[in-house]
Amino acid sequence: MGRAKRTIRTMEEIIVTGGKPLNGSVAVLGAKNAVLKQMVAMLLAPGTHQLRNVPGILDVVLMGRVLEHIGATCSFDGHALTVEVPDQLRPEAPLDLVRQMRASIVVLGPLLARGGVAMVAFPGGDDLGARPIDMHIDGLRKMGAEFELEHGVLMARAPRGLVGTEIGLEFPSVGATENVLLGAVLATGETTVHNAAREPEIEDLAAFLTKMGARIQGAGTSVITVEGVDTLQPTTHEVLADRLEAGTYAVAGAITGGEVRIERCVPDHLRMELRKLTDVGCTIGRGDDWFTVAGPERPLPVDFATLPFPGFHTDMQPQMVALLSVASGTSVITENIYDARFRYAGELMRMGADITTEWQHAVIRGVEKLSGCPVIAPDIRAGASLVLAALRAEGQTVVGDIHHIDRGYEDFVGRLQSLGGDLERRPAGAAQ
Ligand code: EPU
């Protein structure tokens, strides 16, 4: 078994030669946005936990560091992750870790529930926008927690423990729903979350917590009820399939005019995205845990707006924009989740895309062809979308800052190569 110290290769780039249709099949791994929260949930019970189907991605390594800072020990064996959680926790997540792993903010709930204290560096904004955490704080405050911001550190205390109550979220925030859920499972009495996020990853977190002994009803709907219990036990769980990894490979097939089969996934979790792929002219086939996408020669334009689940996922928006950049007409996209999610459009425009953005709207006038050039990956999904655009583009594209892609995709290059893509990783700035 290896410790949680995996190599982090930051100074690399991906070089892509476009023009080849992608064909073949690819099996997806566990969902990044499920596994990260399940790792944090382990803090609720001392002992040995195990997660299976854990993707080999940078964010899992970084969350492992957060857990180790708090006192846990993480070890990887292939796609299995074993975590030993001690009786006594060090209830803090310092700035250097929170900066690298924004999702660390969800340690607030479990740390308050376990020991009544948490010190978490206040996360700033990122490439997607300001990303406030007011709903996390309001929810836990209603349960009896007190918060003070001191020198950039959020000091949280629950002197009388967390107490169940009614919480209405202003917006179905994924992170706020999770933080409240993670606090409520060990709280005194019943907590009800209204307007809860309905994402499949929340359902999977609830399934994990239920195996630990939690009493939760309604996960996956907008009203979640939790009956607090005194203690929880360690458990073993297979992480839900990553719908975003599945969706990204689907667009890889679509944008190159190839045919890709995506296996070990839940097509029902991508209903809206598959509907839009059908609208652009893709042919979709599907079973319970697989689907196929055959791309048209040239996509048709479509309009869509991103929304919380079951709406079109914001984390599939950049990949879809790459596809629509070569459509036979004009598409209008509305981004409703983040206030700065179109920053990558400038990089796509360097490749010849014709995109105008204003506030949360993007107008994409499809062009006949894209042409390869050097571009920079600004975040996980935008990074993936630039690689997808490059697979369609004429000539060579060099994608820099690919550590962003490594945060969310295991062996992205290898998997696209296995589908016939002409691309490779190399040290940044290496001679061609
Ligand atoms: N928001 C607030 N106040 C809050 C919480 C959220 O204003 O207290 C706002 C955010 O600023 C954002 C919106 O509400 O504009 C949605 O935020 P949400 O809390 O739903 O998202 P999150 O928990 O921060 C998770 C995923 C994101 C994914 C979103 C939306 C993880 C680790 N991250 O973020 O994933 O985009 O849900 O589905 O689960 C990615 O995987 O690339 C990624 C960014």
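All ligand and atom numbering here is 1-based and tracks the order in the structure. This chain uses plain numbering: 1 for the first residue, then up along the sequence.
Here the heavy atom of the protein found nearest to atom 39 (O) of ligand 1 is K37 NZ, 2.7 Å. Nearest protein heavy-atom contact of atom 40 (C) of ligand 1 is D315 OD2, 3.1 Å. Residue, atom and distance of the protein heavy atom nearest to atom 41 (O) of ligand 1 are R381 NH2, 2.8 Å. For atom 29 (C) of ligand 1, the closest non-hydrogen atom on the protein side is Y338 OH, 3.2 Å. Distance from atom 8 (O) of ligand 1 to its nearest protein heavy atom, with residue and atom name: M135 N, 2.7 Å. Protein heavy atom at the shortest distance from atom 16 (C) of ligand 1 is I337 CG2, 3.6 Å.
Atom 13 (C) of ligand 1 is approached by the protein to below 4.0 angstrom, counting heavy atoms only. Of the protein's heavy atoms, at least one falls inside 4.0 Å of atom 18 (P) of ligand 1.
The heavy atom nearest to atom 6 (C) of ligand 1, out of those in P132, A176, A340, A103, is found in P132. Looking at D379, V174, N336 and measuring to atom 20 (O) of ligand 1, the nearest heavy atom belongs to V174. When the heavy atoms of D242, N33, L205, I202 are ranked by distance to atom 31 (C) of ligand 1, first place goes to N33. Heavy-atom proximity to atom 22 (P) of ligand 1, evaluated over E170, R131, M101, is greatest for R131.
Around atom CD of Q217, no more than 12 heavy atoms belonging to other residues, nucleotides or ligands sit under 6.0 Å away. Annotation for R215: atom CZ does not count as buried by contact number, only 12 or fewer foreign heavy atoms lying within 6.0 Å.
The closest approach between any non-hydrogen atom of L128 and ligand 1 is below 4.0 Å. Not a single heavy atom of R407 sits under 4.0 Å from any atom of ligand 1.
Ion pairing of R261 with E263 is present here, as a side-chain N (NZ or NE/NH1/NH2) and a carboxylate O approach within less than 4.0 Å.
Those atoms of ligand 1 with a heavy atom of D134 less than 4.0 angstrom away are 2 (C), 3 (N), 4 (C), 7 (O), 8 (O). Of all atoms in ligand 1, listed by their number and element, those nearer than 4.0 Å to a heavy atom of H313 are 38 (O). Atoms of ligand 1 found under 4.0 Å from any heavy atom of G175 (numbered from 1 in listed order, with element): 19 (O), 23 (O). Which parts of ligand 1 touch T314 is read off a 4.0 Å heavy-atom cut-off, strictly below it: atoms 36 (O).
When side chains are defined from C-beta on, T306 does not count as touching R341, because their heavy atoms never get closer than 4.5 Å. Using a 4.5 Å heavy-atom threshold, the side chains of R271 and P310 count as separate. Looking only at side-chain heavy atoms (C-beta outward), F304 and L324 come within less than 4.5 Å of each other. Under the 4.5 Å side-chain criterion, counting only non-hydrogen atoms from C-beta, R381 is not in contact with Q317. Contact of the Q50 side chain with the R52 side chain is registered, since non-hydrogen atoms from C-beta on lie closer than 4.5 Å.
E84 and T48 share a donor-acceptor pair across their side chains, judged by distance under 3.5 Å alone. Between the side chains of E335 and T314, a donor-acceptor pair is found at a separation under 3.5 Å.
No donor-acceptor distance shorter than 3.5 angstrom exists from the side chain of H269 to the backbone of C265, with no hydrogens or angles considered.
One distance of note links CD of E201 with CZ of R243; it measures 4.0 Å at 0.5 Å rounding.
Considering backbone and side-chain atoms together, I380 places no N or O closer than 3.5 Å to any N or O of ligand 1. In terms of polar-atom proximity, defined here as any N/O pair under 3.5 Å, R341 makes no such contact with ligand 1.
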